[in-house]
Every structure is written in structure tokens, then in C-alpha cells.
Amino acid sequence: MPTDSLLDPAPFTLGLHGLRVLLVGGDMAAADYLLRRGALLHVINPAPDAGTLALAAEGRLQLDCRAFIPADLDGVRLCVAAPGPTHDAAAARGVVVGALPAASARTGRATLVGAGPGDAGLLTVRAVEAIRDADVVMYDKLIGPEVLALIRPGARRIDVGKRCGRHAMAQGAINTLIVRHAQAGRHVVRLKGGDPFVFGRGGEELESLRAARVPTEVVPGITAALATAAQLGIPLTHRGTSRSLHLITAHGSDDRLPEHDWTALARAGGTLAVYMGVRTLPLLAARLLTAGMAPDTPAIAVENATLAGERRMPGTLAGIADAVAAAGLDGPTLVLIGAVVALADAERGAPAIENELAA
Ligand SMILES: C[S@@+](CC[C@H](N)C(=O)[O-])C[C@H]1O[C@@H](n2cnc3c(N)ncnc32)[C@H](O)[C@@H]1O
């Protein structure tokens, strides 16, 4: 079959009666062509045109408004898509491929992908698929080389965390760049540390993409608090010990410690996971002590959790700020505070901690 010219006028009739056909992207004309030849059609398209939506509403095809995943090829005989990773996936499974003209095949879109705490083993399957499919990947400075190695050759890499003087690219400029690439018909992956929606400014990026009507998918990632706790064998909630988990930032928009409701946090008796806390830790600890939290509440600071240079500083609420300052932690550091921190060794035999727990 001359698959490359599937959508060109052909000198013969192509019969697809009863054949399961997958159309990835494309428009109503492509869908209609395949339907008229008798295909049992499944369309994958995060931003289908009105005609394709109408065909789906009439029950003439099955439509999924999302990105392609390899499992879509299960049981498929012919896959019609733009040349690229989808073709490769189909060919690898022995599925016949047909090429869509690039212009009709690609609707630009964006995927906000959580890359987890750094260890590539903690990426989700969906994150890996999105990274491999991307035409453009815009990534932060905390994204490690193993994760970046998943980007396909030929895709554009943009390091938006790269320091220029002391400043990374401004958030407004990042928002604009994602939209521009997507509007040019590309699949843009915005690769972010941890989870995009936990202190990651993913919300602002999503707002800007929504305003520009760019189809956007969000792939969650393992946030630093979860990864750090798992690493140490600390259950973030524990029957009888901690009934709540509070993710708080210690870094306000003006570079100061934000004013949380310290009394409520101290009274809740749950686990506190403090992001971006190294610089303001002395003040944060003082606020919690003033609010009534016990000075001997166990605490631990973990720098570069899950990465090669991981460092752990255990202590108590009263002593953790001095321990962190003495150790000179300056990489990404997560501080856990709460009774559950004392369970680190007992629960899972966490690797030796550098300091003795202070009394
Ligand atoms: C701008 S916030 C981004 C948080 C991210 N979106 C998440 O869900 O983990 C950066 C902060 O996350 C924490 N963090 C991220 N990765 C970390 C890691 N590997 N080890 C320890 N803390 C980490 C640190 O508190 C760091 O200052």
C-alpha cells in the first residue's frame, strides 16, 4: 500500500472495511476519508476540529481528546498520523502507517509535566511519553541529565532556568514562549521539578495557555515532600501520630518569610513540609515556637533528596536552623517538622543520618 500518499488522490480504491484504524491528529477531511472507506475509526486528538467533533457526536467514530499513548495501537491495523514518534511506535508493532500532511496533522498543544524530585526513576510513564513526543522542551534548572536524555534528537531544548546574571527567565516570558511555540503547531512540554502545581507556578502557565486557547494537559509529578519522606521512611501521616500534612513555602514573593497562620499550624499537630526554607528557617522556627510548638519536635532538612549529592540534617524544631546553617546547605532543601520525623529509623531502617538527633 502506498501509505505515504494515503490522503492524496489515489489511482485505485482503498478498502478498509471493518478494519480498526487509528487517526492521530488530523481533521474532519482525514476522518471522513477513512470512514468512507469503511474504517472502524478511533481518533486521538487533543484539539479536534468542529467537523471531527460532529462525527463523534453522530457515533461514527470514537474520539479521545488527549495525547497519543502507545496503548492506543492495541488491535489497530492501520495508524494514520504525522511522521514522527507515533509512526515509529506503530511501525515497531507491525502496524501499517499512513502519513498525514504535517499542516493538518499537528495542532499545537502544551503539556505541563512534573518531573519529580530529580531521580529519573521517579518520573511517571505519562511524563516519559510526553517528553519523548515533544517538539520543544522548556525545562527548569533542577531537571537532571537523565531526564533530559529522554528528549528525542531534533527536539528543541530551552533551559528557562539558566541563570543570566542572577536571574532565570522571567515567568511572563516563559508563559509567552510556551504559547508561541504551541501556536506554531508544536507540542511544547514544560518540564518542571516535582509537581507543576506545588509551588511550581504551573497555575500561572496554565492560565496563560487557557487564555490563548492552547489545548493543555497536566501530568502530575512526585513533589519534593513525598519523595523526601519516602527516601527516609517517614510516613507523612501516621495513625495516632499525625493526621494532617501541610505543604508550606518559606519564601514569599518579596523574598521574606510569608505570614502563615502559625498558631493554626502549631495547633494542628500535623506534619509540616517546608519548601524553599533554608534562608528563612531561623525565623520560621521562631514563629512556630512562639505559636506553641514544642521545641523538641523532631525535624529534618534534606538537601538534593533522591539525587547523588543528597544530604540530611536531623534536629529538633529548636535546633534545626543552626544545624542547617552549620552544614551550609544551599541546594534545594526540604524541611520536615513533626512527630513522624522520629519514625525515620524505626519504620524502614533509613540510611544513617549524619548528626545525632539533638535532645
Ligand atoms: C520552586 S519549589 C518547586 C517545588 C516543586 N514543584 C515540587 O513539587 O517539589 C523548589 C523547592 O522545592 C524543594 N525541592 C525540590 N526538589 C527537591 C529535592 N530534590 N530535594 C529537596 N528539596 C527539593 C526545595 O524546597 C526547593 O527550594
Side-chain angles (χ1 to χ4, degrees), residues 24 44-47 64-74 84-86 88-90 92-93 109-153 155-161 174 178 181-182 186-206 209 214-237 245 247 273 275 302 304-308 310 332 334 348:
V24 181
I44 305 289
N45 192 336
D64 285 310
C65 300
R66 58 166 170 76
F68 163 81
I69 54 171
D72 292 328
L73 292 164
D74 291 349
T86 310
D88 299 343
R93 292 190 180 208
R109 63 194 173 95
T111 312
L112 305 182
V113 176
D119 177 348
L122 292 173
L123 283 170
T124 63
V125 173
R126 194 163 296 176
V128 172
E129 285 168 359
I131 296 166
R132 287 196 171 137
D133 182 71
D135 302 307
V136 179
V137 178
M138 295 171 56
Y139 60 95
D140 288 335
K141 69 176 187 306
L142 294 181
I143 307 295
E146 278 178 70
V147 176
L148 296 179
L150 295 167
I151 301 173
R152 69 180 166 82
R156 192 138 147 210
R157 300 156 173 247
I158 305 174
D159 179 355
V160 296
I174 294 174
I178 307 173
H181 280 296
R186 302 181 186 112
H187 177 200
V188 188
V189 161
R190 174 70 178 103
L191 196 52
K192 305 172 74 67
D195 182 87
F197 287 170
V198 178
F199 306 125
R201 307 193 72 171
E204 292 159 61
E205 291 167 4
L206 184 60
L209 286 157
V214 172
T216 304
E217 194 183 346
V218 181
V219 178
I222 296 179
T223 190
L226 306 188
T228 303
Q231 193 80 348
L232 301 174
I234 294 173
L236 288 168
T237 63
L245 168 64
L247 308 184
Y275 288 70
V302 182
N304 288 318
T306 81
L307 297 169
E310 180 178 304
L334 197 280
R348 254 218 0 205

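From a predicted model like this one, the values you see are computed outputs, not experimental measurements.
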Q) Between CD1 of Ile178 and CZ of Arg190, what distance do you get to the nearest 0.5 Å? A) 5.5 Å
Q | Arg66 with Glu217: basic N within carboxylate O range, under 4.0 Å | A | no
Q: Would you mind reporting whether Ile158 and Val137 have side-chain heavy atoms less than 4.5 Å apart?
A: no
Q | Backbone of Ala225 reached by a side-chain donor or acceptor of Tyr275 within 3.5 Å | A | yes
Q. Given side chains that start at C-beta, do those of Phe199 and Thr223 come closer than 4.5 Å, heavy atoms only?
A. no
Q) Which heavy-atom pair separates Thr306 from Gly118 by the least distance, and what is that distance? A) OG1-N, 4.2 Å
Q) Would you say the side-chain atoms of Asn304 pair up with the backbone N or O of Glu310, donor to acceptor, closer than 3.5 Å? A) no
Q. Is Val189 close to Val136 at the side-chain level, that is, under 4.5 Å between some pair of heavy atoms?
A. no
Q) Just by distance, do the side chain of Asp135 and the backbone of His187 share a donor-acceptor pair under 3.5 Å? A) yes
Q. Passes side chain to side chain contact (heavy atoms under 4.5 Å, CB included), Tyr139 versus Val160? Steps please.
A. CA-CA 6 Å; Tyr139 60 95; Val160 296; over 6 Å; no
Q | Electrostatic pair Asp133-Arg109, nearest N-O below 4.0 angstrom | A | yes
(Q) Once rounded to the nearest 0.5 Å, what's the spacing between atom CD1 of Ile143 and atom CE of Met138? (A) 12.5 Å
Q.
For Leu307 versus Pro117, what's the shortest heavy-atom pair and its separation?
A. CD1-O, 3.9 Å
Q | Nearest non-hydrogen partners of Pro235 and Gly233, listed with the distance | A | CD-O, 3.5 Å
Q.
Would you say that more than 12 heavy atoms from the other residues, nucleotides or ligands in this model lie under 6.0 Å from the CD of Glu146, or not?
A. no
Q) Are Ile222 and Asp195 close enough, and set up right, to give a side chain to side chain contact (heavy atoms under 4.5 Å, CB included), and what steps lead you there? A) CA-CA 6 Å; Ile222 296 179; Asp195 182 87; over 6 Å; no
Q: For the residue pair Val218 and Pro196, establish whether any side-chain heavy-atom pair is separated by less than 4.5 Å.
A: yes
Q) Is a side-chain N or O of Thr216 found less than 3.5 angstrom from the main chain of Val214, in a donor-acceptor match? A) yes
Q. For Gly114, does its backbone N or O pair with a side-chain atom of Lys192 as donor and acceptor, under 3.5 Å?
A. no
Q. Is a salt bridge present between Arg132 and Glu129, judged by a nitrogen-to-oxygen distance below 4.0 Å?
A. no
Q: Could you grab the distance from atom OG1 of Thr237 to atom CG of Leu245, nearest 0.5 Å is fine?
A: 7.5 Å
Q: Enter the distance from Ile131:CD1 to Leu150:CG here, rounded to the nearest 0.5 Å.
A: 5.5 Å
Q) If we only count heavy atoms from C-beta on, is the Cys65 to Asn45 side-chain gap below 4.5 Å? A) no
Q: Report yes if the side chains of Pro220 and Thr124 come closer than 4.5 Å at any heavy-atom pair, otherwise no.
A: no
Q | Distance (rounded to the nearest 0.5 Å) between Ile69 CD1 and Arg126 CZ | A | 6.5 Å
Q: Check whether any side-chain N or O of Asp140 sits under 3.5 Å from a backbone N or O of Leu142 as a donor-acceptor pair, and report yes or no.
A: no
Q) What pair of heavy atoms forms the shortest contact from Ala305 to Thr228, and how long is it? A) CB-OG1, 3.4 Å
Q) Are Val147 and Leu123 close enough that some pair of their side-chain heavy atoms sits under 4.5 Å apart? A) yes
Q) Distance from Ile151 atom CD1 to Leu191 atom CG, nearest 0.5 Å? A) 7.0 Å
Q) If you look at every heavy atom in Ala130 and Val113, which pair is closest and at what distance? A) CB-CG2, 3.9 Å
